[in-house]
Amino acid sequence: MTESRTALILTGGGARAGYQAGVLKAIRELLPEPRRNPFPILCGTSAGAINAASMAVWAEDFAAGVDNLLQVWENFSAQQVYRADPLSMGISGARWVSTLAVGWLTRHSPRSLLDNSPLRRLLDDSLDFSRIAKAIENRALHSISITCSGYSSGQSVSFYQGRADIEGWRRSQRVGAAAEISLDHLMASSAIPFIFPAVHINREWFGDGSMRQVAPVSPAIHLGADKILVIGAGRMADENARPRAEIYPSLAQIAGHALSSIFLDSMSVDLERMGRINNTLSLIPADVRREKGMSLRPIEVLTIAPSQRLDHLAARHAKALPWPVRTMLRGLGAMNRNGGALTSYLLFERPYTKALIDLGYADTLARRDEVRQFLDLS
């Protein structure tokens with residue numbers, strides 16, 4: 001009998017990834033043995049990559065891993081992620097203005113809007129990456145993948161670390177490459193375009209893993225998952241009605257729309273495609289699939305995503321940001337309900353992240369029967 005492998009996919013979304021900590025908090029409470037890791041396969045992208053790596057480091061004690069994650073997200077401040085002091089924000093703004101105005105006179109264009117060196121220091125101090133190999137060796141973890149986007153190749157590269165029998169993969173515009181997961185992989189995967197700087201790994205510069213990730217579920221399948229829990233960072237269901245809008249959209253609203261298309265749309269499409277494949281496979285008897293040598297297999301999927309619009313939630317807590325960041329966002333039109341999408345990705349402040357945790361916790365417990373059935377706890 002083959003080993004059942006449940007994968008956890010943690011999607012991108014900047015500060016929105018605090019929602020994932022709330023979901024994991026609820027799952028921990030539902031487990032009869034909370035120290036035992038229920039997700040031997042961990043797949044993360046963007047901010048979800050950081051959460052996935054944290055859980056991989058703590059794979060030998062799932063409950064402690066959740067505690068560690070909550071400790072960070074419940075006490076977050078923007079200064080732990082990017083430099084938000086007046087001098088840094090002023091220099092960054094001046095560089096971008098000068099580049100747009102007289103860029104032909106300058107040799108070096110700015111690499112990003114914000115300096116996320118504080119995040120690198122935070123992760124370097126809090127994550128012992130050597131524990132990942134130990135967890136794999138002790139069979140508390142099967143594998144972890146961190147997805148990044150190559151700016152030169154245009155490929156979606158899933159760097160994975162796991163058991164020796166895992167084979168890499170190469171598909172159209174997506175690659176699975178064996179690697180020892182490191183801080184650089186996390187910084188690259190979470191490098192939101194324009195906002196955070198790209199990271200050089202091996203021979204290429206990489207940015208946020210959600211970019212050009214046409215098949216977000218693919219890494220979990222290649223790593224051998226037969227069940228997949230997806231924790232989203234935004235509502236994946238279509239709105240019932242398209243709202244009327246008479247005012248021209250602000251820069252923040254356009255930027256938030258672009259980021260949402262990066263972080264949310266490909267996952268929704270991939271899950272819809274997987275649903276169709278599962279429905280098709282259900283019509284073909286298992287013995288026929290074996291006889292014909294069909295490699296496709298049905299995969300059970302459960303998706304947990306916010307029940308509320310996170311841009312509206314962010315707009316209610318936007319004043320918690322340091323005033324230099326508020327000033328910049330106000331100039332872009334992000335300090336109101338319509339511009340809240342952009343703010344929702346950058347609002348690494350306790351009032352907002354705590355609200356995200358509470359929402360994730362409540363959303364998961366509201367579906368406790370589904371979660372129990374999915375994890376075979378009932």
Side-chain angles (χ1 to χ4, degrees), residues 4-13 16 19-20 23 39 41-46 48-49 52 143-150 153-160 166-177 189 208-240 257-286 288-290 292-307 367 370-371 373-374:
S4 177
R5 294 173 184 161
T6 301
L8 174 65
I9 295 181
L10 300 176
T11 64
R16 291 176 173 225
Y19 178 86
Q20 298 166 357
V23 175
F39 306 108
I41 298 174
L42 296 168
C43 302
T45 304
S46 192
S143 52
I144 175 176
S145 76
I146 302 297
T147 299
C148 308
S149 182
S153 66
Q155 291 181 328
S156 176
V157 181
S158 295
F159 297 98
Y160 69 86
I166 299 175
E167 296 182 359
W169 61 91
R170 182 175 292 274
R171 299 291 185 272
S172 176
Q173 293 302 305
R174 48 193 169 95
V175 175
S189 184
D208 196 292
S210 297
M211 295 186 293
R212 307 194 72 170
Q213 190 183 28
V214 296
V217 180
S218 171
I221 297 174
H222 283 291
L223 293 174
D226 48 37
K227 299 172 71 173
I228 300 174
L229 172 63
V230 178
I231 305 180
R235 299 182 70 181
M236 296 186 184
D238 293 333
E239 299 289 343
N240 293 328
H257 181 75
L259 289 176
S260 294
S261 70
I262 293 173
F263 291 122
L264 304 178
D265 293 352
S266 58
M267 177 60 77
S268 298
V269 171
D270 206 20
L271 290 173
E272 184 178 304
R273 179 167 52 237
M274 177 173 284
R276 290 199 300 268
I277 294 173
N278 279 340
N279 288 337
T280 301
L281 289 176
S282 68
L283 302 176
I284 306 175
V288 174
R289 295 202 303 269
R290 287 193 296 269
K292 299 297 183 180
M294 296 178 63
S295 59
L296 292 175
R297 64 187 188 278
I299 297 176
E300 184 180 353
V301 179
L302 177 65
T303 302
I304 299 178
S307 59
R367 301 173 60 186
E370 288 180 79
V371 175
Q373 183 177 3
F374 177 82

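Computed from heavy atoms alone, side chains included, the values below leave out hydrogens, waters and symmetry copies.
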| said: Quick check: do V217 and I228 have side-chain heavy atoms less than 4.5 Å from each other? | reply: yes
| task | Quick one: closest heavy-atom pair of L223 and I41, and the distance? | result | O-CD1, 3.5 Å
| note | Interatomic distance, CG@D226 vs CD@E300, rounded to 0.5 Å, equals 9.0 Å
| Between the side chain of Q20 and the main-chain N/O of A52, is any donor-acceptor distance below 3.5 Å? | no
| remark: In this structure, CD1 of I144 is separated from OG of S158 (nearest 0.5 Å) by 11.5 Å
| query | Could you give the distance from OG (S149) to CE (M211), rounded to the nearest 0.5 Å? | reply | 4.0 Å
| request: Begin from the C-alpha positions of F374 and V301 and carry the test side-chain contact (heavy atoms from CB on, under 4.5 Å) through to its verdict. | output: CA-CA 8 Å; F374 177 82; V301 179; 5.9 Å; no
| message | I'd like to know if the side chain of S189 and the backbone of T147 have a donor-acceptor N/O pair within less than 3.5 Å. | response | yes
| Sub-4.5 Å side-chain heavy-atom contact between T45 and L10 | no
| request: Taking salt bridge (charged side-chain N to carboxylate O under 4.0 Å, His left out) as the test, write out the residues that go with E272, two or more places apart. | output: R276
| request: Mark yes or no for whether S153, through its side chain, and Q155, through its backbone, hold a donor-acceptor pair below 3.5 Å. | output: yes
| What's the spacing between L229 CG and I9 CD1 if we round to 0.5 Å? | 9.0 Å
| query | Taking atom CD1 of I146 and atom OH of Y160, what is their separation to the nearest 0.5 Å? | reply | 14.0 Å
| Of the non-hydrogen atoms in G209 and Q213, which two are nearest, and what is the gap between them? | O-CB, 3.4 Å
| task | I would like to know whether F159 and C148 meet side-chain contact (heavy atoms from CB on, under 4.5 Å); could you show each step before the answer? | result | CA-CA 8 Å; F159 297 98; C148 308; 4.0 Å; yes
| task | Under the salt bridge (charged side-chain N to carboxylate O under 4.0 Å, His left out) rule, collect the residues that match up with R171, sequence neighbours excluded. | result | none
| remark: Taking every heavy atom of T11 against every heavy atom of V230, the minimum-distance pair comes out as CG2-CG1, 4.2 Å
| Can you find a heavy atom in the side chain of V214 that is under 4.5 Å from one in the side chain of S156? | no
| query | Are I299 and K227 side-chain neighbours, meaning at least one heavy-atom pair lies under 4.5 Å? | reply | no
| field | Nearest-0.5 Å distance, OG1 of residue T6 to CG of residue L42 | value | 11.0 Å
| field | Any side-chain heavy-atom pair of Q373 and R367 under 4.5 Å | value | no
